[in-house]
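So the structure is just underneath, and the comments pick up after that.
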Amino acid sequence: MNIEEKSKLIINDIKEQKSVNPHTIFKNIAQNDYINMHGPEHHVLDGAGILVAYKNAGGDIDLDDALLKLKQEGLKMPGAMCGLWGVCGAITSIGAALSIIDGTGPLSNDGTWGDHMEFIYKAIKNLGEVNGPRCCKRDAQVAFKYGVEYINCHYDTKLEYDDTKCEFSSLNMQCIKDRCPFYE
């Protein structure tokens with residue numbers, strides 16, 4: 001199954017989620033066979049989890065349109081960008097979701113452009129402190145932490161975040177175990 005086919009399944013399945021916790025939404029979708037332990041499907045899944053949780057919490061977005069835009073942006077992000085570009089796809093996916101919510105673009109001067117950069121900085125800094133190798137599940141959980149913090153600080157909408165232990169470590173051949181803040 002290619003990344004475009006996986007993205008269609010993600011978008012279709014994620015619309016059924018009712019939680020206001022993007023990490024819970026993520027875990028529910030990540031259990032599906034079409035989601036690998038690591039891979040560019042996370043560049044769609046992670047931001048989509050934020051958009052669905054935001055909408056479920058009363059956020060004012062056209063969810064179908066937002067998910068379509070997120071999918072288009074996520075499909076532009078190559079696999080392994082964390083190691084090859086120095087920026088995590090989970091974080092950029094959530095950054096794309098925030099830009100969709102805020103209507104931010106490259107010429108925005110309303111403050112959202114800078115706010116999104118601060119979100120990216122905080123999340124990337126935290127991942128840098130944990131260090132590699134990559135783990136799309138760990139990186140998503142870190143990205144959700146800061147994405148939820150951003151939304152809860154900037155909107156009346158309140159999302160939930162749970163700092164739960166990892167359910168995927170046994171599937172990750174490169175798991176960093178005790179160095180991971182979510183390892184059980």
Side-chain angles (χ1 to χ4, degrees), residues 1-32 34-35 39-79 81 87-124 136-137 139-162:
M1 183 177 304
N2 68 36
I3 185 61
E4 205 155 314
E5 293 167 326
K6 290 180 180 186
S7 295
K8 287 178 185 175
L9 290 172
I10 290 167
I11 298 305
N12 184 58
D13 291 349
I14 208 161
K15 290 180 196 179
E16 304 301 317
Q17 298 295 309
K18 302 300 180 203
S19 179
V20 297
N21 183 326
H23 188 237
T24 298
I25 293 169
F26 169 87
K27 289 188 295 185
N28 290 342
I29 301 300
Q31 299 291 336
N32 288 303
Y34 61 86
I35 304 294
E41 57 264 40
H42 291 84
H43 305 169
V44 175
L45 173 57
D46 301 359
I50 284 283
L51 292 172
V52 170
Y54 178 75
K55 178 66 173 178
N56 291 344
D60 184 22
I61 57 170
D62 177 332
L63 186 59
D64 288 329
D65 184 56
L67 289 170
L68 176 63
K69 288 177 184 174
L70 190 279
K71 182 178 120 183
Q72 290 168 341
E73 293 304 317
L75 289 173
K76 293 176 189 175
M77 301 175 202
M81 63 188 278
V87 64
C88 170
I91 294 169
T92 56
S93 177
I94 292 174
L98 297 176
S99 292
I100 291 165
I101 291 168
D102 286 331
T104 305
L107 301 179
S108 295
N109 62 2
D110 61 357
T112 58
W113 188 93
D115 290 342
H116 298 166
M117 294 300 164
E118 287 184 28
F119 152 74
I120 296 287
Y121 163 76
K122 288 178 185 178
I124 290 288
C136 292
K137 305 304 192 265
D139 299 354
Q141 192 160 345
V142 168
F144 286 131
K145 174 183 174 183
Y146 292 98
V148 167
E149 178 183 286
Y150 177 92
I151 288 172
N152 289 349
C153 287
H154 288 85
Y155 302 103
D156 292 332
T157 305
K158 297 298 176 205
L159 303 186
E160 296 174 2
Y161 172 79
D162 55 348

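Below, each value reflects all heavy atoms present in this structure, side chains not excepted, and no hydrogens, waters or symmetry copies.
Taking the side chain to side chain contact (heavy atoms under 4.5 Å, CB included) definition, one finds that Asp13 meets it with Ile29, Asn32, Tyr34, sequence neighbours left out. Applying the side chain to side chain contact (heavy atoms under 4.5 Å, CB included) rule to Ser7 yields the partners Ile3, Val44, Lys71, Leu75; only residues at least two apart in sequence or on another chain are considered. Asp64 pairs by the side-chain hydrogen bond (donor to acceptor under 3.5 Å, both in side chains) definition with Lys15, not counting sequence neighbours.
The number of heavy-atom neighbours closer than 6.0 Å to NZ of Lys145, taken from other residues, nucleotides and ligands shown, is 12 or below. The environment of CG in Asp65 is crowded: more than 12 heavy-atom neighbours from other residues, nucleotides or ligands sit within 6.0 Å.
Between Glu160 and Val148 the shortest heavy-atom distance is O-CG2, 3.8 Å. Considering all non-hydrogen atoms of both residues, Ala97 and Ile50 come closest at CB-CG2, 4.1 Å. Across all non-hydrogen atoms, the minimal contact from Ile10 to Glu41 is CD1-O, 3.6 Å. When all heavy atoms are compared, the tightest approach of Leu70 to Ala48 is CD1-N, 3.7 Å. Pairing each heavy atom of Pro22 with each of Gly49, the nearest pair is CB-O, 3.6 Å.
To the nearest 0.5 Å, atoms CD1 (Ile35) and CE (Met1) are separated by 9.0 Å. Atom CD in Gln17 sits 9.0 Å away from atom OG1 in Thr24 (nearest 0.5 Å). The CD1 atom of Ile124 lies 11.0 Å from the OH atom of Tyr146; values are rounded to the nearest 0.5 Å.
With no hydrogens or angles considered, no side-chain donor-acceptor pair links Ser93 and His42 at under 3.5 Å. Side-chain contact annotation: Asp110 with Ser108, donor-acceptor N/O pair under 3.5 Å absent.
Two residues are said to be in side-chain contact when any heavy atoms from C-beta on lie closer than 4.5 Å; Leu67 and Lys55 fail this criterion. Counting heavy atoms from C-beta on, the side chains of Lys137 and Phe26 come closer than 4.5 Å. Residues Tyr150 and Glu118 have side chains not in contact (no heavy-atom distance under 4.5 Å, counting atoms from C-beta outward). Under the 4.5 Å side-chain criterion, counting only non-hydrogen atoms from C-beta, Ile101 is in contact with Ile151. Inter-residue side-chain proximity for Asp139 and Asp46 is flagged as unmet; no heavy-atom pair is nearer than 4.5 Å. Side-chain contact between Asn109 and Trp113: absent, with no pair of heavy atoms (C-beta onward) separated by less than 4.5 Å. Residues Ile61 and Ile100 are not in side-chain contact: their nearest non-hydrogen atoms beyond the backbone lie 4.5 Å or more apart.
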Please lay out, stage by stage, how Ile91 and Phe119 fare under the test side chain to side chain contact (heavy atoms under 4.5 Å, CB included). CA-CA 9 Å; Ile91 294 169; Phe119 152 74; 4.1 Å; yes
Before you tell me yes or no, could you show the steps for Leu51 and Lys69 under side chain to side chain contact (heavy atoms under 4.5 Å, CB included), namely the whole-Å CA-CA distance, both residues' side-chain angles and the distance that decides it to 0.1 Å? CA-CA 11 Å; Leu51 292 172; Lys69 288 177 184 174; over 6 Å; no
May I have the step-by-step check of side chain to side chain contact (heavy atoms under 4.5 Å, CB included) for Thr92 and His43, ending in yes or no? CA-CA 7 Å; Thr92 56; His43 305 169; 5.6 Å; no
Please report the C-alpha distance between Glu73 and Lys76 in whole Å, then the side-chain angles of each, then the deciding distance to 0.1 Å, and finally whether the salt bridge (Lys or Arg N to Asp or Glu O under 4.0 Å) criterion is met. CA-CA 5 Å; Glu73 293 304 317; Lys76 293 176 189 175; 3.3 Å; yes
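A donor-acceptor pair under 3.5 Å is formed between the side chain of Asn56 and the backbone N or O of Ser19. In this structure, the side chain of Lys158 does not engage the main chain of Ala57 through any donor-acceptor pair within 3.5 Å. A donor-acceptor pair is defined here as one N or O able to donate and one able to accept, closer than 3.5 Å; no such pair exists between the side chain of Asn21 and the backbone of Ala53.
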